[in-house]
Engineer: 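One structure, pasted below without further comment.
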Amino acid sequence: MDTCKVSIIVPVYKVEQYLGQCMDSLVGQTLEEIEIIAVNDGSPDNSLAILQEYRDRDPEKVNVFSIENQGVSHARNYGVSKAKGEYLLFVDSDDYLEKNACQKLYEHAKLHDNDLVLFGRYNLREGGETEKLYLPRRKNCTCR
């Protein structure tokens, strides 16, 4: 990859039951010029093996690093130190993105010359109900 537009940083700890859905949503992004930096934070479950499978399937896009468990903030900072992208996107390993999320966020940032783009999210409850959460409207914001 010549130019990386977005580096996606994913701290990973005890999430083997959610990790596949997360990684599928990241490797399937419509924006091609991305890198996925998965940081295994000393997870004692099978998370590392799952990450290695994704790296083996897509070594140009998926980077896996293992560090001693020091918490999510340290794992994110470690990922930042490895990033080559024009923009950073942090994704929790028990979350997932819509297929065009990186494309939309990147295009929005470029169009409005943004250094930071904030967006809402959905909360999925165990019973299957979905709650859409919006960010409060800010003055001088090009959001929405």
Engineer: Is there a side-chain contact between K5 and L31 in this structure, where contact means two heavy atoms from C-beta onward sitting under 4.5 Å apart?
Structural biologist: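 Counting from C-beta outward, K5 and L31 do come under 4.5 Å.
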
Engineer: In chain order, what residues pass the salt bridge (Lys or Arg N to Asp or Glu O under 4.0 Å) check against R76, with sequence neighbours excluded?
Structural biologist: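 Expected list: D92.
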
Engineer: Within the distance-only criterion (no hydrogens, no angle test), does the side chain of E68 pair as donor or acceptor with the backbone N or O of D41 below 3.5 angstrom?
Structural biologist: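 No, because the side chain of E68 does not come within donor-acceptor range (under 3.5 Å) of the backbone of D41.
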
Engineer: Please determine whether side chain to side chain contact (heavy atoms under 4.5 Å, CB included) holds for the pair Q29 and Y106, giving the CA-CA distance in whole Å, both sets of side-chain angles, and the decisive distance to 0.1 Å.
Structural biologist: CA-CA 12 Å; Q29 287 295 302; Y106 181 79; over 6 Å; no

Engineer: Just do the side chain to side chain contact (heavy atoms under 4.5 Å, CB included) check on I36 and M23 with the steps written out, would you?
Structural biologist: CA-CA 9 Å; I36 300 162; M23 292 299 292; 4.0 Å; yes

Engineer: Do L26 and V62 belong to the same hydrophobic cluster, where Ile, Leu, Val, Met, Phe, Trp and Tyr are linked whenever their side-chain heavy atoms lie under 4.5 Å apart, directly or via other members?
Structural biologist: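 Yes; tracing contacts between hydrophobic side chains, which count when under 4.5 Å, links both residues.
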
Engineer: Regarding E35 and S7, is there a side-chain donor-to-acceptor distance under 3.5 Å anywhere?
Structural biologist: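 E35 vs S7: donor-acceptor pair found between side chains.
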
Engineer: Output yes when a side-chain donor or acceptor of Y54 lies under 3.5 Å from a complementary backbone atom of G20, and no otherwise.
Structural biologist: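 Side chain of Y54 to backbone of G20, a donor-acceptor pair under 3.5 Å: yes, one is there.
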
Engineer: If the condition is side chain to side chain contact (heavy atoms under 4.5 Å, CB included), which residues does Q52 pass it with, not counting sequence neighbours?
Structural biologist: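 In terms of side chain to side chain contact (heavy atoms under 4.5 Å, CB included), with neighbours along the sequence ignored, Q52 is linked to L48, R55.
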
Engineer: Taking S81 for its side chain and Y78 for its backbone only, find out whether a donor-acceptor pair lies under 3.5 Å.
Structural biologist: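 Confirmed, S81 side chain pairs with Y78 backbone.
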
Engineer: Donor-acceptor pair, distance only, cut-off 3.5 Å: does the side chain of S93 make one with the backbone of P11?
Structural biologist: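 Such a contact is found between S93 side chain and P11 backbone.
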
Engineer: Do V12 and L51 touch side chain to side chain, with heavy atoms closer than 4.5 Å?
Structural biologist: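 Yes; the side chains approach each other to less than 4.5 Å.
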
Engineer: Can you tell me if D45 uses its side chain to pair, donor with acceptor, with the backbone of V15 under 3.5 Å?
Structural biologist: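 Looks like yes, one N/O pair under 3.5 Å.
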
